[in-house]
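Let me begin by presenting the structure, written as structure tokens, before commenting on it.
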2 protein chains.
Amino acid sequence: MGRKRTKSGKIRLAEVAELAGVSPITASRFFRNPDALSIGKRTRVESAAKELGYVPNLAARALASQRTEVIGVLIPSLTNNVFSDVLRGIYDASEGSRYSIQLSNTRYSILQEEKLLRLFLAQKPAGLIVTGIDQTPESRAMLEAADCPIVQIMEIGPDPVDMMIGFSHYDAARAAVAHLFEQGRRKIGFVGARMDPRVQRRLDGYVSAMKDAGSFEQRLVVTTATPTSVTLGGALFTDLLAAEPNLDAVFCANDDLALGVLFECRRREIAVPEQIAIVGFNDLEFMASAVPTLTSVRTNRYEMGRTAATMLIEAIDGQRPERPVLDLGFRVIERQSSLPRHSDSRPAVSGAGATNKMVALPSSHD
Amino acid sequence: MGRKRTKSGKIRLAEVAELAGVSPITASRFFRNPDALSIGKRTRVESAAKELGYVPNLAARALASQRTEVIGVLIPSLTNNVFSDVLRGIYDASEGSRYSIQLSNTRYSILQEEKLLRLFLAQKPAGLIVTGIDQTPESRAMLEAADCPIVQIMEIGPDPVDMMIGFSHYDAARAAVAHLFEQGRRKIGFVGARMDPRVQRRLDGYVSAMKDAGSFEQRLVVTTATPTSVTLGGALFTDLLAAEPNLDAVFCANDDLALGVLFECRRREIAVPEQIAIVGFNDLEFMASAVPTLTSVRTNRYEMGRTAATMLIEAIDGQRPERPVLDLGFRVIERQSSLPRHSDSRPAVSGAGATNKMVALPSSHD
DNA sequence: AGGAACGTTGACAGCGCTACCAGCAACGAC
DNA sequence: GTCGTTGCTGGTAGCGCTGTCAACGTTCCT
């Protein structure tokens, strides 16, 4: 008898089939489309597989079927908190599905992205998640020629390759600035680091809102190509203050910078929000805990990752979403750091659960 | 003539071989061991591959060679900043090598880890990186039976499966507490969230140091199973203060908690470090920027990931490291938050670059 | 009753690559 | 001159699985 084993001692489909008393192809079908089997064979194969501890050989499956069960994910950075939230959503959604995630880091380079894309596509992924809408023309062409579903994440724009999920960074920045105007601020500075396309669009939104109000001045903008950090927030704010001593608010391109600005204010004994208001971007967890609590623009990062992966998997399985472009919007979470300067002298230092007034907005209008 | 193409239009090795005027097997060798070819054929194959834009089919390669070029990585969390640094190191080291990273999240469950391990091993990874030393007996057995190099990361302990790189959380915690004692603190509390094995060992280190000094009291320890956050730091500190109003220092199991404690102190108008000293763990970037700057235990997370992946790849390629167990140590970075209480009334509020006195220690002594 | 339609099963032939071994030329040692 | 040795190359035979198609038994329709 002695059923043959592969050299490495692994259980193959043939062994399972033999134990179940069916042909290998029937056993194969059990794993791909159990409903096609009669109940009897289905249970026989199932128990045989369990008994032998069978695990399919993915390489053989990929080779024979000419497709993989891999979802490629291209993100610009592993450091940035923002992407770790998105990734968590993607991994959570992929769990339980039969797809596995293959992650690659473009390091904010669209040329690197192009190279990775070429590599990915050669392996015929089941689907692809790419960051943003600023691909090289070559990348764009490859994406359009790819015969798998694709989701662009992090922002929305015209002309999606396939599916798209994100929000308008431009509108979000405009809303943040509008909020500061509502609170009576006029000299509103912008600090930004690592000017990737999304940060650039936030800056564009800021500039447009400031110009609308006739308040734009070039010296109110301080940016750098350096990667973001809390410390950098303090440094950029220092520069900003030097350029414009009468500053009454700062809109930070992200929350790390905002925290850095807050600490720098404390160092300089600048009262927040009495003298200067601070608004961040992303609404990381610590913003609600800081003293004073920090206003920020909440973005649905986890949700974005999770939904992107879910949509992608459904599309792979043939269920294309009714709406291929999804605007997840944003919310300006108003906290103490942007209270009006004429409010009662010092902001109430209540517990961490300080009431958050929220302003919810969808970011697109199509 | 017309060389056949695979259905999907992809270039196969056979096409490259034909164009180069060699047999497929020679072309194959070019990609695996170029030195075995004569110069002439080598350059011919090389240019043919480039001309056709050949990309190898990894599934076919894996099936034929019975091994993959995948490094499996098992980590407990994607949320935790600590792991994103480690991951970054791993990805950086893998870049440029021919290995790709397959990441899975155990969610702090060793049962989940066991399940994922089974899945990974069935695909014959080239190598494996696993977190910590607390595997289930089944996991342990699988790891020992695996015929690929394995690196355990994040901590060191006796009896490595194969290679190991990390540091002693126990010793690091003891050093942090010792530092506080040196600064004249006695009522030192401990706050910890998500008591994973490594946080538990930090607690053990704290307890032992406190007992050595005859200062241990159960009510000085406040922990919870909830995932960590800045807000939670404030809440746990509140509980700790209720249990021990005469507290003069807090050792936080991580920096998020420490930041939360700092904010809570500010809310309660408790002077740091005059009334209460704060020490965190990990030395995240913001610690040096906070006001006052926050003392923390620096751990070499990026380095750990990078070295783990480098060691693993070398081991896969047959170059086992001379020292399979590497202690990366830690450093207590002394900052304002743990200055002696009797120092000049308020800590100097200098710039972000405040001088950091460092105390470096290896964590093991074998 | 005969035939179409359906559901279920199996045989065959690869998917693209590499392990293994054999073959061949060039070279030096005896 | 013969023999081994080395360096390079090619042929053969799969790796474990699935796509395709044919075959079978059963049910339903006319």
Side-chain angles (χ1 to χ4, degrees), chain A residues 3-46 48-49 52-70 98 122-124 126, chain B residues 3-46 48-49 52-70 98 122-124 126:
Chain A
R3 53 178 79 90
K4 285 184 308 188
R5 288 284 176 80
T6 175
K7 266 174 286 183
S8 58
K10 282 282 171 280
I11 306 294
R12 286 169 309 175
L13 190 56
E15 272 91 64
V16 176
E18 190 185 350
L19 180 61
V22 300
S23 72
I25 188 64
T26 299
S28 166
R29 257 188 288 262
F30 168 76
F31 293 101
R32 290 175 291 148
N33 182 16
D35 295 339
L37 298 200
S38 59
I39 318 266
K41 307 223 169 189
R42 184 155 58 212
T43 53
R44 292 232 302 285
V45 174
E46 184 165 20
L52 296 172
Y54 172 71
V55 181
N57 179 321
L58 298 183
R61 181 180 283 178
L63 182 58
S65 67
Q66 294 284 65
R67 55 198 162 67
T68 63
E69 292 177 342
V70 169
R98 66 181 185 289
Q123 305 309 325
K124 303 192 188 108
Chain B
R3 55 176 77 89
K4 284 183 308 188
R5 289 282 176 80
T6 177
K7 267 174 285 185
S8 57
K10 283 281 171 281
I11 306 294
R12 288 169 308 174
L13 190 57
E15 272 91 65
V16 176
E18 191 185 349
L19 179 62
V22 300
S23 73
I25 188 65
T26 300
S28 166
R29 257 188 290 260
F30 168 76
F31 293 100
R32 289 174 292 146
N33 182 16
D35 294 340
L37 299 199
S38 59
I39 318 266
K41 307 226 167 183
R42 183 156 60 212
T43 55
R44 292 232 301 285
V45 174
E46 184 165 20
L52 296 173
Y54 171 72
V55 181
N57 179 319
L58 298 183
R61 180 179 284 179
L63 182 58
S65 69
Q66 294 283 66
R67 55 198 163 67
T68 62
E69 291 177 343
V70 170
R98 63 180 187 288
Q123 305 309 325
K124 304 192 188 105

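The model shown is predicted, which means the values in this text are computed figures rather than measured ones. In what follows, every chain begins at residue 1, and chains take the letters A, B, ... in the order their sequences are listed.
No hydrogens or angles were tested; on distance alone, a donor-acceptor pair under 3.5 Å links the side chain of A/Arg29 to the base of C/dG10.
If you check residues 31-44 of chain A against DNA chain D, the residues with a heavy atom closer than 4.0 Å are A/Arg32, listed by number.
Applying the 4.0 Å criterion to OP1 and OP2 of C/dA19, one finds that B/Arg67 has a side-chain N or O inside that range. Phosphate contact (OP1/OP2 of D/dG16, side-chain N/O of B/Gln66, threshold under 4.0 Å): present. The phosphate of D/dT18 (OP1 or OP2) has a side-chain N or O of A/Ser28 nearer than 4.0 angstrom. A sub-4.0 Å separation between OP1 or OP2 of C/dG10 and a side-chain N or O of A/Ser23 is present.
The CZ atom of A/Arg61 sits 18 Å away from the P atom of D/dC15 (whole-angstrom rounding). Atom CG of B/Leu13 is separated from atom P of C/dA19 by 12 Å (rounded to the nearest Å). Straight-line distance from the CZ atom of A/Phe30 to the P atom of C/dT8: 15 Å, rounded to whole Å. Across the protein-nucleic acid pair, A/Ile25 atom CD1 and C/dG10 atom C1' stand 8 Å apart, rounded to whole Å. In this structure, the CD1 atom of A/Ile11 is 16 Å from the C1' atom of D/dC17, given to the nearest Å. Distance, B/Asn57 CG to C/dC17 P: 6 Å, rounded to whole Å. Atoms CD (B/Glu15) and P (C/dC15) sit 11 Å apart, rounded to a whole Å.
Contact of the B/Val55 side chain with the A/Gln123 side chain is registered, since non-hydrogen atoms from C-beta on lie closer than 4.5 Å. Counting heavy atoms from C-beta on, the side chains of A/Ile11 and A/Val16 come closer than 4.5 Å. Between A/Asn57 and A/Arg12, the closest side-chain pair of non-hydrogen atoms is not below 4.5 Å.
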Worksheet item: Step by step, would you call A/Ser38 with A/Arg42 a side-chain hydrogen bond (donor to acceptor under 3.5 Å, both in side chains)?
Response: CA-CA 6 Å; A/Ser38 59; A/Arg42 184 155 58 212; over 6 Å; no
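A distance of 11.5 Å separates CZ of B/Arg67 from NZ of B/Lys124, quoted to the nearest 0.5 Å. Rounded to the nearest 0.5 angstrom, A/Arg32 CZ and A/Arg61 CZ are separated by 8.0 Å.
Listed nucleotides: D/dC17, D/dG19, C/dG16. Nearest to the side chain of A/Arg12: D/dC17. Comparing C/dG16, D/dG19, C/dT18 by their nearest atom to the side chain of A/Leu63 picks out C/dG16. Of the candidate nucleotides D/dT18, D/dT9, C/dT18, C/dT18 has the atom lying nearest to any side-chain atom of B/Ala64.
Looking at B/Glu15, its side chain never comes within 3.5 Å of a backbone N or O of B/Ala48 through a donor-acceptor pair.
Ring-centre distance between A/Phe30 and A/Tyr54: not below the 6.0 Å cut-off.
Rounded to 10 degrees, the angle separating the terminal helix axes of the helix from C/dA1-D/dT30 to C/dC30-D/dG1, each built from five base pairs, is 40°.
Counting non-hydrogen atoms under 4.0 angstrom, A/Tyr54 reaches the backbone sugars and phosphates but no base.
Between B/Val22 and B/Ala27, the closest heavy-atom pair is CG2-N, 4.1 Å. Listed here is the closest heavy atom pair of A/Ala126 and A/Thr68: CB-O, 3.4 Å.
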